[in-house]
Q: 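Have a look at this one before I ask anything.
All values below were derived from every heavy atom in this structure, side-chain atoms included, with hydrogens, water molecules and symmetry-related copies excluded. Remember, it's 1-based here, ligands and their atoms both numbered in the order they're listed.
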Amino acid sequence: MTSRYINLSSEGEVGILTLNRPHVLNALNRELMLELVTELERMEQDDAIKAIVLTGSEQAFAAGADIKEMADESAISMLLKRQFAVWDRIDGITKPIIAAVSGYVLGGGCELMMSCDLVVASDTARIGQPEIKLGVMPGAGGTQRLTKAIGLRKAMELLLTGDTMTAEEALRCGLINKVAPVEMYFREALKLAQRIADQPPLSVRLIKQAVRKAQDHPLAEGLDYERHCFHLLFASDDQKEGMNAFLEKRTPQFRGK
Ligand code: CAA
């Protein structure tokens, strides 16, 4: 399958996916989402890729789900199309995904950003869930992920008013990791991805999984899972290499095994 709406590239061990539907501010239609998830899963299988950057344009990361595509749907047609099933597959990606966002980050665009592991935003980003203004509500995780990320009061305010946040506000709320000038945000995201790509891959994978457990599971269950992952890493060559390198005062050479 060739991607119509996703541009692919890489730098070193970082795979780069760029949303490319500029005439509608990267509105996320079903075809784009299927292509995106297919490419993410392809990168997941590619041993040469250790981290992924997901980005859009300076003007828009994404202005939401495609309103034109949804306008005439009925409850039953939406149910049967299972439009969001494809979104759930993003959670199956074990490699870290770094969102590099700028401009409009709205509705499904904000939900897509929140599905990523880390976020670098440009100082021009406007982030929010304006679905209420369309007579609907978020359907790709917005009420859940936003509330977990920034707490009940602020999430309630954004979701009930449809207001947007600046990148600085989003940083203060803990919704994103970093703000950079618009001409720098993509490079900053790439730098962050490259630093993570240089880490031992098995540790990266299990840390991502364990942190995600903290979001969804009671503490005792999460602690148990973390301990299991910790023990599992002692079956890896990289654990021997990392600890021996420390003791021998040299730089470790990790191989993801
Ligand atoms: N879906 C489809 N088309 C969209 C779109 C969307 N979400 N957002 C923008 N577009 C299109 C516009 O229709 C317009 O197309 P035409 O040139 O063919 O008319 C083009 O993109 C440019 O948009 P505007 O002319 O509106 O640009 P603007 O600069 O005046 O405004 C904006 C930009 C504030 C982002 C405005 O476009 C807007 O409010 N967009 C909708 C945002 C929104 O409500 N998103 C939530 C969608 S629902 C959702 O996401 C559900 C979910 O949970 C998954």
Q: Number the atoms of ligand 1 from 1 as they appear, then name those within less than 4.0 Å of a heavy atom of Phe84, with their elements.
A: 54 (C)
Q: Apply side chain to side chain contact (heavy atoms under 4.5 Å, CB included) to Ile196 and Leu118, showing your working.
A: CA-CA 11 Å; Ile196 296 167; Leu118 294 154; 3.3 Å; yes
Q: Does the pair Arg21 and Glu69 meet the rule for a salt bridge (Lys or Arg N to Asp or Glu O under 4.0 Å), with working shown?
A: CA-CA 14 Å; Arg21 247 191 123 207; Glu69 195 178 57; over 6 Å; no
Q: Quiz question for you: does at least one protein heavy atom lie closer than 4.0 Å to atom 25 (O) of ligand 1?
A: no
Q: I would like to know whether Asp47 and Lys95 meet salt bridge (Lys or Arg N to Asp or Glu O under 4.0 Å); could you show each step before the answer?
A: CA-CA 11 Å; Asp47 288 343; Lys95 293 179 183 175; 5.3 Å; no
Q: I need the nearest protein heavy-atom contact for atom 8 (N) of ligand 1: residue, atom name and distance, please.
A: Ala63 CB, 3.6 Å
Q: Using heavy atoms and a threshold below 4.0 Å, how should the contact between Leu134 and ligand 1 be classified: side chain, backbone, both, or neither?
A: side chain
Q: Is the side chain of Asn20 donor-acceptor paired with the backbone N or O of Tyr5 at a distance under 3.5 Å, no angle test?
A: no
Q: What are the atoms of ligand 1, with element, lying closer than 4.0 Å to any heavy atom of Glu111?
A: 52 (C), 53 (O), 54 (C)
Q: Quick one: look up the protein heavy atom nearest atom 27 (O) of ligand 1 and list residue, atom name and how far away it is.
A: Leu25 CD1, 4.0 Å
Q: Once you restrict to heavy atoms under 4.0 Å, what part of Ala27 touches ligand 1? Side chain, backbone, both or neither.
A: side chain
Q: Indicate yes or no: does Glu111 engage Arg145 in a salt bridge with an N to O separation below 4.0 Å.
A: no
Q: Scan the protein's non-hydrogen atoms and note whether one is under 4.0 Å from atom 45 (N) of ligand 1.
A: yes
Q: Which ligand 1 atoms, with their elements, are less than 4.0 angstrom from a heavy-atom of Gly108?
A: 49 (C), 50 (O), 54 (C)
Q: Is any side-chain N of the basic residue among Glu221 and Lys213 closer than 4.0 Å to the acidic one's carboxylate O?
A: no
Q: Distance under 4.0 Å to a non-hydrogen atom of Ile67: what atoms of ligand 1 satisfy this?
A: 1 (N), 2 (C), 6 (C), 7 (N), 41 (C), 44 (O), 47 (C)
Q: Return a yes/no value: protein heavy atom under 4.0 Å from atom 38 (C) of ligand 1?
A: no
Q: Identify, for atom 47 (C) of ligand 1, the protein heavy atom at the shortest distance, and state residue, atom and that distance.
A: Ala65 O, 3.7 Å
Q: Under 3.5 Å, side chain of Asn26 to main-chain N/O of Ala60, donor-acceptor pair present?
A: yes
Q: Can you list the atoms of ligand 1 that are under 4.0 Å from a heavy atom of Pro138?
A: 53 (O)
Q: Among the clusters formed by ILVMFWY side chains lying less than 4.5 Å apart, do Val105 and Met114 turn up in the same one?
A: yes
Q: Test salt bridge (Lys or Arg N to Asp or Glu O under 4.0 Å) on Glu35 and Arg4 and set out the steps.
A: CA-CA 8 Å; Glu35 286 180 2; Arg4 187 169 161 206; over 6 Å; no
Q: May I ask you to identify the nearest protein heavy atom to atom 29 (O) of ligand 1, giving residue, atom name and distance to one decimal place in Å?
A: Tyr104 OH, 3.5 Å
Q: Between Lys148 and Asp216, is there a salt bridge with N-O shorter than 4.0 Å?
A: yes
Q: What is the nearest protein non-hydrogen atom to atom 10 (N) of ligand 1, stated with its residue, atom name and distance?
A: Val24 O, 3.8 Å
Q: Is atom 18 (O) of ligand 1 touching the protein, meaning some protein heavy atom lies under 4.0 Å away?
A: no
Q: Excluding sequence neighbours, so at least two apart, what forms side chain to side chain contact (heavy atoms under 4.5 Å, CB included) with Ser9?
A: Ile16
Q: Right, does atom 13 (O) of ligand 1 have protein non-hydrogen atoms nearer than 4.0 Å?
A: no
Q: Can you tell whether the side chains of Glu73 and Arg30 come within less than 4.0 Å, N to carboxylate O?
A: yes
Q: Has ligand 1 got any nitrogen or oxygen that is less than 3.5 angstrom from a nitrogen or oxygen of Lys68?
A: no
Q: Determine, stepwise, if the pair Lys208 / Asp117 fulfils salt bridge (Lys or Arg N to Asp or Glu O under 4.0 Å).
A: CA-CA 8 Å; Lys208 169 167 170 167; Asp117 301 301; 2.8 Å; yes
Q: Regarding atom 20 (C) of ligand 1: of the candidates Arg21, Gln83, Glu69, His23, which has the closest heavy atom?
A: His23
Q: So, 4.0 Å and heavy atoms of Pro130: is ligand 1 close enough to count as a contact?
A: yes
Q: Closer than 4.0 Å and a protein heavy atom, does any atom meet both conditions relative to atom 52 (C) of ligand 1?
A: yes
